[in-house]
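First the structure, in the form of structure tokens, and then the observations on it.
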Amino acid sequence: MSSGNADFNDINIAVAKNSDVQVEVVADFSTAITPAQIFQLGLSAIEARDSNSITLTSITNPSNGVVYTFSGAGTASLALNSSTVNSSVLTPSSTETEVARFTLGAQNDALKLTDLYVDNTGSADLSSSLKSISLYDVNGTKLAGGSVLGTSTVQFSLGSTSTFVVPKNTSNSVVVVKAAFNDVTDAAQSNKTVQLEIGSLVSTVAGTVNGVRLVSESTGDTTTTVTGTAVAKSHLLVRSKPVVAVSTAATLTTHTFTVTADANNRIILDGTTIDLQNPTGNTGSYILYKDQEIGGNEIATGSIAAGSNTLNLTALATEVSAGTSKTFILKVSGNVLNGTANQKRIAKVSNVSYTDVMNTG
């Protein structure tokens with residue numbers, strides 16, 4: 001073979017009269033080839049002999065083959081999916097619920113996912129808190145069950161028969177992690193968090209890059225470049241979850257809501273975030289009462305900045321016994337933003353923080 005030309009001699013292929021024969025050319029290219037180089041095979045001459053041993057050298061329809069453009073080795077990327085679930089409070093259950101959603105991308109090659117490792121950056125011990133954990137595709141098809149390694153790492157092994165392939169030059173293949181959690185019977189494990197990450201914490205797992213093992217669909221080689229890390233939202237593990245509800249219709253200045261603890265545990269209400277429609281035009285004030293709007297029952301007081309429509313109340317330290325409800329009354333004063341004194345403000349409890357006390361009290 002000379003530069004730019006390849007001669008194939010002594011082929012000795014018999015072609016029957018009025019028929020065709022297909023010949024396949026296979027090439028193994030040097031590793032010195034660089035991305036963006038082009039290869040195209042063209043047929044320039046044929047030498048053949050007929051049944052009378054007469055040499056034929058003409059070619060009626062010379063043609064060129066497909067143009068191939070060389071690319072670099074396949075690389076991958078990972079990121080937190082934009083539709084991953086928000087932070088939540090998780091209670092014991094046998095049903096798996098979504099805790100994270102990640103996106104994989106592939107460049108220059110289609111890549112098959114064979115192994116995925118995720119790490120918990122939260123405070124929960126996964127070896128005792130997990131009932132089950134699984135990996136799914138975006139359509140809900142289960143790809144693999146997870147195995148806990150140590151106390152914080154989960155391995156999903158899809159194996160060589162994996163059907164999850166990230167198409168070439170795409171970045172929208174989604175995997176979903178769902179988990180179910182054991183009953184929290186140890187006070188040391190209550191109020192712990194689960195926050196899953198793919199990336200730096202599991203980068204040392206043999207045969208993976210950033211906790212991911214992807215195999216080229218064209219060569220079978222393991223991908224050596226996986227860029228990015230992805231950290232999901234944090235979830236709180238508790239034995240019980242309180243219910244917040246509006247219990248009394250609001251007046252011009254007061255807003256009443258209840259917090260109910262379930263039968264499993266009593267809770268300590270630590271704080272709450274309250275959104276107010278029609279914020280004050282000038283500085284206003286608020287008082288939060290427990291049980292009744294009377295002196296001595298105040299658990300939080302303060303001022304409301306002009307134009308502010310959010311109250312972040314902390315250090316409430318109010319206990320709600322198991323299976324009972326406690327009433328809270330928020331009283332707000334100050335003219336609303338347009339200067340009107342007698343205009344109702346609509347209050348909404350958008351968040352509560354609490355401590356799961358682990359017993360009925």
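These numbers come from a predicted model, not from an experiment. Heavy atoms only: backbone and side chains are in, while hydrogens, waters and symmetry mates are out.
As a member of the Ile/Leu/Val/Met/Phe/Trp/Tyr network built from side-chain separations under 4.5 Å, Y289 groups with I287, I329.
T327 places no side-chain N or O within 3.5 Å of a backbone atom of K290 that could act as its donor or acceptor partner. Judged by distance alone, the side chain of D270 and the main-chain N or O of A317 form no donor-acceptor pair under 3.5 Å. Side-chain atoms of H235 come within 3.5 Å of backbone atoms of V99 as a donor-acceptor pair (strictly under, hydrogens ignored). A donor-acceptor pair is defined here as one N or O able to donate and one able to accept, closer than 3.5 Å; such a pair exists between the side chain of N120 and the backbone of Q195. Under a 3.5 Å cut-off, the side chain of S173 and the backbone N or O of G105 do not form any donor-acceptor pair. Here the side chain of K112 pairs a donor or acceptor atom with the backbone of S160 at under 3.5 angstrom. Side chain of S325 to main chain of T258: no donor-acceptor pair is present (N/O by atom type, distance under 3.5 Å, no hydrogens or angles). Within the 3.5 Å criterion, the main-chain N or O of L111 finds no donor-acceptor partner in the side chain of D109. Side chain of S162 to backbone of G159: no donor-acceptor contact under 3.5 angstrom is found. Listed for the S134 side chain is no donor-acceptor partner under 3.5 Å among the backbone atoms of K178.
Put simply, the side chain of N182 does not reach to within 4.5 Å of the side chain of S129, judged on heavy atoms. Two residues are said to be in side-chain contact when any heavy atoms from C-beta on lie closer than 4.5 Å; L313 and Y286 meet this criterion. Looking at heavy atoms from C-beta onward, T260 lies out of side-chain contact with V320 at the 4.5 angstrom threshold. Annotation: side chain of V177 is not in contact with side chain of R101 (no heavy-atom distance under 4.5 Å). Residues V259 and F328 have side chains in contact (heavy-atom distance under 4.5 Å, counting atoms from C-beta outward). The closest side-chain heavy-atom distance from F181 to T91 is not below 4.5 Å. Contact of the T355 side chain with the I267 side chain is not registered, since no non-hydrogen atoms from C-beta on lie closer than 4.5 Å. Side-chain contact check for T223 versus V212: every heavy-atom pair is 4.5 Å or farther apart.
Checked by atom type, the side-chain pair N312/T273 shows a donor-acceptor distance below 3.5 Å. Neither side chain, T141 nor N139, offers a donor N or O lying under 3.5 Å from an acceptor on the other. Side-chain atoms of T283 and S303 include no donor-acceptor pair closer than 3.5 Å. A donor atom on one side chain and an acceptor atom on the other are not found under 3.5 Å apart for T75 and T225.
Applying the salt bridge (Lys or Arg N to Asp or Glu O under 4.0 Å) test to every pair with at least one member in residues 129-155, sequence neighbours left out, gives no pairs at all.
Expressed to the nearest 0.5 Å, how far CG of D119 lies from OG1 of T153 amounts to 3.5 Å. Taking CG from L90 and CG from L236, the interatomic distance works out to 8.0 Å, rounded to the nearest 0.5 Å. In this structure, the separation between CG on D275 and OG1 on T310 is 4.5 Å, given to the nearest 0.5 Å. The structure places OG1 of T84 at 7.0 Å from NZ of K233, a figure rounded to the nearest 0.5 Å. Summarising the geometry, atom CG belonging to L196 is positioned 9.5 Å from atom OG belonging to S234; distances are rounded to the nearest 0.5 Å. From L113, atom CG reaches atom CG of L78 across 10.5 Å, with rounding to the nearest 0.5 Å.
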Apply the test side-chain hydrogen bond (donor to acceptor under 3.5 Å, both in side chains) to residues Y136 and E98: give CA-CA distance (whole Å), side-chain angles for both, the deciding distance (0.1 Å), then the verdict. CA-CA 10 Å; Y136 296 83; E98 182 176 333; over 6 Å; no

Residues K348, I274; criterion side chain to side chain contact (heavy atoms under 4.5 Å, CB included); working and verdict: CA-CA 5 Å; K348 175 185 176 183; I274 300 176; over 6 Å; no

Worked check of side chain to side chain contact (heavy atoms under 4.5 Å, CB included) between D125 and K192: CA-CA 8 Å; D125 180 344; K192 300 296 184 179; over 6 Å; no

For E293 and T254, what are the C-alpha separation, side-chain angles and deciding distance, and is it a side-chain hydrogen bond (donor to acceptor under 3.5 Å, both in side chains)? CA-CA 9 Å; E293 186 185 344; T254 62; 5.1 Å; no

Which is it for F164 and L158 under the side chain to side chain contact (heavy atoms under 4.5 Å, CB included) test, yes or no, and what are the steps along the way? CA-CA 8 Å; F164 190 89; L158 288 71; 4.1 Å; yes

Verdict with reasoning, T229 to E197, per side-chain hydrogen bond (donor to acceptor under 3.5 Å, both in side chains): CA-CA 7 Å; T229 59; E197 178 202 44; 5.0 Å; no

Determine, step by step, whether S216 and D221 satisfy the side-chain hydrogen bond (donor to acceptor under 3.5 Å, both in side chains) criterion, reporting the C-alpha distance in whole Å, the side-chain angles of both residues, the deciding distance to 0.1 Å, and the verdict. CA-CA 5 Å; S216 166; D221 295 332; over 6 Å; no

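Of all the heavy atoms in G150 and S127, the pair that sits closest is O-CB, 3.5 Å. For the pair A300 and L316, the tightest heavy-atom approach, listed with the atom from each and the gap, is CB-CD2, 3.8 Å. A pairwise comparison of heavy atoms in Q155 and D115 identifies NE2-OD1, 3.7 Å as the closest pair. Listed here is the closest heavy atom pair of S19 and A16: OG-O, 2.6 Å. Between G146 and V154, the shortest heavy-atom distance links the atoms CA-CG1, 3.9 Å. In plain terms, the two heavy atoms of V226 and N210 that are nearest each other are O-ND2, 3.1 Å.
Side-chain heavy atoms closer than 4.5 Å link hydrophobic residues (I, L, V, M, F, W, Y) into clusters, and following such links, possibly through other members, connects V148 to V175. Cluster annotation: V332 and F257 are assigned to the same hydrophobic cluster (Ile/Leu/Val/Met/Phe/Trp/Tyr, side-chain heavy-atom contacts under 4.5 Å, transitive). V231 and V85 fall into different hydrophobic clusters, where Ile, Leu, Val, Met, Phe, Trp and Tyr side chains are chained together by heavy-atom contacts under 4.5 Å. There is a path of hydrophobic side-chain contacts, each under 4.5 Å, that joins L143 to V118. Criterion: ILVMFWY side-chain heavy atoms under 4.5 Å apart, direct or through other members. Under it, L269 and V89 are part of a common hydrophobic cluster.
None of L104, V176, T103, N172 except one satisfies the side-chain contact (heavy atoms from CB on, under 4.5 Å) rule with N81; the exception is T103.
A salt bridge links K326 to D291: at least one charged side-chain nitrogen sits closer than 4.0 Å to a carboxylate oxygen.
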